[in-house]
Number of protein chains: 2
Amino acid sequence: MAHTCEYPRPALTVDCVVFGFDGTGLQVLAIRRGIEPFLGSWALPGGFVRMDEDLESAARRELEEETGLRDVFLEQLYTFGAPDRDPRGRVVSVAWFALVRPDRHPAKGDTDASDATWFEVGRLPALAFDHDLILRAALDRLRGKIRYQPVGFELLPKRFTLTQLQDLYEAILGRPVDKRNFRKKLLAFDFLVPLDEFTGGAHRPARLHRFDRRKYDAHLKRGFLFEL
Amino acid sequence: MAHTCEYPRPALTVDCVVFGFDGTGLQVLAIRRGIEPFLGSWALPGGFVRMDEDLESAARRELEEETGLRDVFLEQLYTFGAPDRDPRGRVVSVAWFALVRPDRHPAKGDTDASDATWFEVGRLPALAFDHDLILRAALDRLRGKIRYQPVGFELLPKRFTLTQLQDLYEAILGRPVDKRNFRKKLLAFDFLVPLDEFTGGAHRPARLHRFDRRKYDAHLKRGFLFEL
DNA sequence: GCAAAAGTGTTTATGTTACACCCATGT
DNA sequence: ACATGGGTGTAACATAAACACTTTTGC
């Protein structure tokens with residue numbers, strides 16, 4: 001296996017925009033940088049791609065190393081390569097976005113290395129490098145995607161109430177949604193399965209549901225579109 | 001500006017999937033490779049990213065060098081980085097897709113270097129590297145995109161007939177479209193402007209139209225969606 | 001005058017929106 | 001018994017789908 005040494009090479013990193021949902025607002029995970037440049041600033045989790053490593057593997061590895069998160073929904077977002085985006089020199093970054101269920105959220109100080117912290121989207125400090133730009137791109141993608149792919153379920157516990165689901169949609173879309181129409185539409189699909197389990201709590205118990213990926217995939221193959 | 005030399009670096013390339021439309025079928029531009037590896041095979045136009053160069057600039061530069069094409073619609077597609085995708089070693093490629101109007105198609109042998117040739121999608125020879133995979137991703141993207149963004153106009157001359165537009169949609173979507181409903185829907189938007197010019201030819205002349213990007217952008221800002 | 005492509009409306013079915021009250025539980 | 005969030009149906013409206021014939025031109 002010959003090497004391609006004829007050209008100088010940019011360094012290559014991965015960065016992850018990790019979204020979570022706490023029942024009220026959409027959240028993003030940031031870590032405090034422990035080294036220069038931008039020492040002490042907040043940044044997206046990420047790091048250098050190894051020579052023998054798939055890009056997705058690199059993203060998953062960095063995510064686990066820096067936040068303790070494993071087995072999350074992960075999708076490639078965009079590759080950022082402005083020549084001056086890193087003060088250390090030419091660094092191209094393949095950005096990813098991840099969706100994490102609340103029961104998997106790392107507690108504060110959960111992992112050794114991590115000052116990983118959840119921030120409400122919109123109450124986020126300025127980020128290092130061009131990470132504000134990356135975050136913006138991830139948000140746009142999420143808002144677009146939620147409307148025609150059932151990614152919302154990746155942000156909720158496996159069993160959830162319809163009110164939780166609706167709150168999530170309202171948080172992401174940034175506008176209110178009619179309760180009756182929302183339920184009618186979703187339950188018309190058979191991949192949202194009502195369970196015979198209910199929440200406890202101070203008031204009337206709410207029925208729990210789960211997302212049936214099998215049934216959803218079956219619909220997909222018949223060339224079907226989700227939409228809202 | 002310090003260098004980040006702590007890590008071995010993958011080489012970085014760009015590859016472009018260039019789509020065209022000849023009035024009947026969707027086409028893709030491929031070039032015959034003049035060097036190893038895959039010497040003599042067909043491949044997507046592309047090449048190495050320079051150290052001081054934006055990713056998009058690199059894609060545009062390679063496109064012009066290898067096919068003579070300039071000022072085309074260009075959008076980042078996906079970044080491919082499987083460790084074994086290039087026999088020369090680790091090469092990560094940022095893939096782009098481009099749409100080209102027929103009046104700008106390079107004639108055969110138009111540019112010096114180029115054996116650039118149009119192939120009907122589906123009658124394409126096997127491509128070098130993982131370029132078949134890249135092409136597939138580009139096709140999926142185009143088919144998805146055409147339904148909610150007016151990218152079709154980037155594949156037609158500036159002035160076009162509604163039949164041409166419909167033929168294009170049918171070619172990309174791979175299914176027939178009802179003529180009356182198609183026209184009704186598109187003309188309901190004001191960004192498709194009928195002109196007082198007509199085609200010549202053997203039969204009844206067809207009215208030419210143009211796409212008014214200004215009006216379309218105005219609609220976009222009012223939070224409007226295109227949809228088929 | 002005929003072959004070939006351009007152009008045009010109406011009806012029906014389907015999906016979307018708007019909207020207000022009763023229910024079950026814990027305290 | 002009351003406060004809180006859970007749950008339900010219908011009518012008006014808008015959008016999408018199905019469908020066939022007339023027009024204009026070149027030959």
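Keep in mind that this is a model prediction, so the values were computed, not measured. Residue numbers start from 1 in every chain, and the chains themselves are labelled A, B, ... in the order their sequence lines are given, proteins ahead of strands.
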- Query: Touch check for A:Gly200, heavy atoms < 4.0 angstrom, all strands: base, sugar-phosphate only, or nothing?
  - Reply: nothing

- Take the protein atom CG of A:Asp167 and the nucleotide atom C1' of D:dG6, then report the distance between them rounded to whole Å. 12 Å

- Note on the structure: On DNA chain C, more 5' by nearest nucleotide between B:Asp178 and B:Gln164 is B:Gln164

- Comparing B:Arg207 with A:Arg204, nearest DNA chain C nucleotide closer to 5' gives the residue B:Arg207

- Query: What's the CG-P distance between A:Leu165 and D:dG7, to the nearest Å?
  - Reply: 12 Å

- Task: Take B:Arg183 and B:Thr163 through the side-chain hydrogen bond (donor to acceptor under 3.5 Å, both in side chains) test and state the conclusion after the steps.
- Result: CA-CA 9 Å; B:Arg183 287 165 182 244; B:Thr163 302; 3.2 Å; yes

- Indicate, with yes or no, if the rings of A:Phe160 and A:Phe211 have centres closer together than 6.0 Å. no

- Rounded to the nearest 0.5 Å, how far apart are OG1 of A:Thr67 and CG of A:Leu44? 12.0 Å

- Of A:Arg180 and A:Ala206, the one whose closest DNA chain D nucleotide lies more 5': A:Ala206

- Task: Have a look at A:Thr163 and say if it touches a base, only the backbone sugar-phosphate, or nothing, with a 4.0 Å heavy-atom cut-off.
- Result: sugar-phosphate

- Task: Give a yes or no on whether a donor-acceptor pair under 3.5 Å exists between the nucleobase atoms of D:dT10, that is its base, and the side chain of A:Lys184.
- Result: yes

- Message: Rounded to whole Å, please give me the gap between CG in B:Leu192 and P in C:dG7.
- Response: 12 Å

- Give me the one residue out of A:Leu133, A:Val92, A:Thr13 that meets side-chain contact (heavy atoms from CB on, under 4.5 Å) with A:Phe80. A:Leu133

- Task: Could you tell me the separation between the CG atom of B:Leu26 and the CG atom of B:Asp167, rounded to the nearest 0.5 Å?
- Result: 12.5 Å

- Check whether the side chain of A:Lys179 and the base of D:dG7 form a donor-acceptor pair under 3.5 Å. yes

- Query: When the distance from NE2 of B:His209 to C1' of C:dG7 is rounded to whole Å, what number comes out?
  - Reply: 10 Å

- Message: Using OP1 and OP2 only, check whether a side-chain N or O of A:Arg183 sits under 4.0 Å from D:dG7.
- Response: yes

- B:Lys185 atom NZ is separated from C:dG7 atom P, nearest whole Å, by 20 Å

- Nucleotide C:dA6, atom P - distance to CD of B:Gln166 in whole Å: 9 Å

- Task: Kindly point out which of C:dA3, C:dT25, D:dG9 is positioned nearest to the side chain of A:Asn181?
- Result: D:dG9

- Task: Would you mind reading off the distance between B:His203 atom NE2 and C:dC2 atom C1', rounded to a whole angstrom?
- Result: 11 Å

- Task: Write down the distance between CZ (A:Arg175) and P (C:dA18), rounded to a whole number of angstrom.
- Result: 11 Å

